[in-house]
Amino acid sequence: MKSVHMRFWLPVLLMCWGLLGACASLPNVTGLNEKIDAPAAPTVKGPNGELSDARTKALLAKRWSKGTLDLQQQAALEEAATGVPLIAGNKCTLLFDGPQTMSEMLKAIAAARNHINLETYIFDQDELGLKFADALIEKQQQGVTVNILYDSVGTIGVPAEFFARMRKAGIRLIEFNPVNPAKVSGDGWKLNNRDHRKVLIVDGKVAFTGGINISATYAKSSLFRSSSKPTDKSQVGWRDTHIKVEGPAVQAFQWLFVRQWASQDKDDLPEADYFPKPVIAGDKVVRVLGSEPGGKFEIYKAYALAIQEAKKSIHITSAYFVPDRQTVDALIAAARRGVDVKIVLPGVSDSGLVFYAGHAFYDDLLSAGVKIYQLKLAVLHAKTAVIDGAWSTVGSTNIDTRSFLHNSEINVIVMGEAFGVEMEKAFQEDIKDSNVITLEQWRDRPLVNRMKEWAACFMNYWL
């Protein structure tokens, strides 16, 4: 538990001491859809190259209903804002909580024949972490190339011997942006920039991402879809969501991993067949967005545009909800134009400061008609959204300034109502396990809570 606190507090404390420069800011996205020159049809790539405009229009037309988000327009706006095309022909599988996700990831590792690329914020030396390490070492010894990127702050409490054992077995590992400045080369020491992604890529054919780290924190399931509802918090695992992607979009994950590896100014990746010929695995059309410090704010722009374009519903699940003013205003505007805006947020948290900083916006949101729910008992760590039941995203990105400005993150956007239905079912399940927060109830909260919120709001840029 001590290492978990250090992962959060070390960069925060250093930033507060003024060691890392002035505050940056997020771009103005309000009204962006009126300013950018979006193409008539977005770019959609398949296993054999770019699809024609006619095929693109037909493909997206199947995935939205009248009165909801126009997916063709939304896709074109997103592409113009992010520069990232859509990719067709994928299979997307939602995974919930630790046990289900870890089981699928370990199966994929066991089936690896050529290479495994792992990028993670946290890789703990505990029962689950050792299980993953053993599985990866076994594959390396079988001749499979294994490469690991792990974040320095996320693994700050992990003994060096844990990673040394994997290196000795032949696995290539890079510590992203080391806390120790003596280990840094290239562009210099940038402690504030963290690799918050959680990505596993196997043989260039299957990829996983979402909110789940490699830690015993995920050894147990949450209340999600449970027939029996435990009341003992110690028996409840964290509530999180991951996604498994198969098909041509895996190449986009791979490029992001290769680019992140190269950014660390270390040895080149060992030879492997990282980009096998893509094949159609399903019917899902996706966009894989990776953001990084100093980049184009791709994930932030995609969220902002989707909220602006929403016609019927905005359903967000956010582990760390410390939005900037622009996001708050966009949610308020959506609620006032009749969109059903609902947000599931933590009722308990692993980080008290972030928990209270997010509360600063409750009054404004509730007053505008936004419905807020707090998840009971389980720590909420999922980062998902579904808009108009047709635009869905799963990834590592929290709705906070730290994720959008200073972290390397990754999100998958899935276009279409079929996947949206699955996302809506999951969202409604979380609503069942949550308490609704009313405006009257909120304004009657204890004074001590108000004081904590007031203190936390001064730190919200850094959270």
Side-chain angles (χ1 to χ4, degrees), residues 91 93 95 98-151 154-155 158-176 195 197-210 212-219 242-262 264 266-279 281 396 410:
K91 179 181 179 181
T93 306
L95 302 171
Q100 182 187 23
T101 301
M102 297 301 177
S103 175
E104 286 296 314
M105 290 172 67
L106 287 168
K107 284 180 186 176
I109 289 171
R113 295 295 177 265
N114 183 266
H115 69 274
I116 299 168
N117 288 337
L118 175 65
E119 184 175 357
T120 185
Y121 181 63
I122 294 172
F123 196 161
D124 277 339
Q125 180 182 260
D126 52 29
E127 183 178 353
L128 195 57
L130 289 168
K131 189 173 184 179
F132 264 82
D134 290 344
L136 293 167
I137 288 171
E138 182 178 352
K139 297 311 293 189
Q140 180 70 42
Q141 292 173 341
Q142 291 174 4
V144 174
T145 299
V146 181
N147 308 302
I148 301 175
L149 261 170
Y150 63 94
D151 187 79
T155 58
V158 181
E161 292 77 16
F162 176 69
F163 299 109
R165 174 172 166 256
M166 287 187 274
R167 285 193 179 90
K168 186 177 181 180
I171 294 175
R172 281 75 166 182
L173 296 98
I174 287 182
E175 179 184 4
F176 182 86
D195 189 345
R197 296 172 182 171
K198 296 91 177 162
V199 178
L200 173 68
I201 306 163
V202 176
D203 290 343
K205 297 177 181 178
V206 58
F208 298 80
T209 195
I212 295 177
N213 290 290
I214 301 176
S215 169
T217 300
Y218 291 101
H242 234 57
I243 187 171
K244 176 183 177 182
V245 178
E246 301 165 85
V250 176
Q251 290 199 339
F253 285 89
Q254 200 78 288
W255 278 117
L256 289 169
F257 180 88
V258 170
R259 189 169 70 183
Q260 191 79 324
W261 186 279
Q264 294 305 287
K266 300 292 183 181
D267 295 337
D268 291 340
L269 281 165
E271 289 188 12
D273 187 12
Y274 294 116
F275 296 96
K277 182 175 175 57
V279 297
S396 64
I410 189 167

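- Around atom CD of E271, no more than 12 heavy atoms belonging to other residues, nucleotides or ligands sit under 6.0 Å away.
- Counting all heavy atoms, side chain and backbone alike, L136 lies closest to V146 at O-CG2, 3.8 Å.
- Salt bridge annotation for D268-R172: absent, with no cationic side-chain nitrogen under 4.0 angstrom from a carboxylate oxygen.
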Assess whether side-chain contact (heavy atoms from CB on, under 4.5 Å) is satisfied between F253 and V245, documenting all intermediate values.
CA-CA 10 Å; F253 285 89; V245 178; 4.1 Å; yes
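- Contact record, L269 with Y274: CB-OH, 3.8 Å, taken as the closest heavy-atom pair.
- For I212 against M102, the heavy-atom pair with the smallest separation is CG2-CE, 3.4 Å.
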Table please: side-chain donor-acceptor pairs of residues 109-119 below 3.5 Å, with sequence neighbours left out.
from : atom 1 : to   : atom 2 : distance (Å)
R113 : NH1    : A111 : O      : 3.1
N114 : OD1    : D273 : N      : 2.9
H115 : NE2    : G204 : N      : 3.2
H115 : NE2    : Q254 : NE2    : 2.9
N117 : OD1    : N147 : ND2    : 2.8
N117 : ND2    : Q254 : OE1    : 2.8

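- Put simply, the side chain of D195 never gets that close to the backbone of F176: no donor and acceptor are under 3.5 Å apart.
- S215 approaches I122 most closely through the heavy-atom pair CB-CG2, 4.2 Å.
- Contacts of E161 classified as side chain to side chain contact (heavy atoms under 4.5 Å, CB included), with partners at least two apart in sequence or in another chain: P159.
- Contact between S396 and R197 at its shortest, heavy atoms only, is OG-CA, 4.0 Å.
- Taking both residues in full, the closest heavy atoms of V250 and K205 are given as CG2-O, 3.4 Å, listed atom of the first, atom of the second, then distance.
- Without hydrogens or angle criteria, T155 side chain to D151 main chain gives a donor-acceptor distance under 3.5 Å.
- Within 6.0 Å of atom NZ in K244, more than 12 heavy atoms from other residues, nucleotides or ligands are found, so the atom counts as buried in its surroundings.
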Just do the side-chain contact (heavy atoms from CB on, under 4.5 Å) check on K198 and H242 with the steps written out, would you?
CA-CA 9 Å; K198 296 91 177 162; H242 234 57; 4.1 Å; yes
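- A side-chain donor-acceptor contact under 3.5 Å links Q251 to the backbone of P276.
- Of the listed residues (W261, F123, F163), just one forms a ring pair (Phe, Tyr, Trp, His ring centres under 6.0 Å) with Y150, and that residue is F163.
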As a quick check of understanding, evaluate side-chain contact (heavy atoms from CB on, under 4.5 Å) for F162 and D124, giving each step before the final call.
CA-CA 9 Å; F162 176 69; D124 277 339; over 6 Å; no
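- F208 contributes atom CZ, which lies 8.5 Å from atom OG1 of T101 (distance to the nearest 0.5 angstrom).
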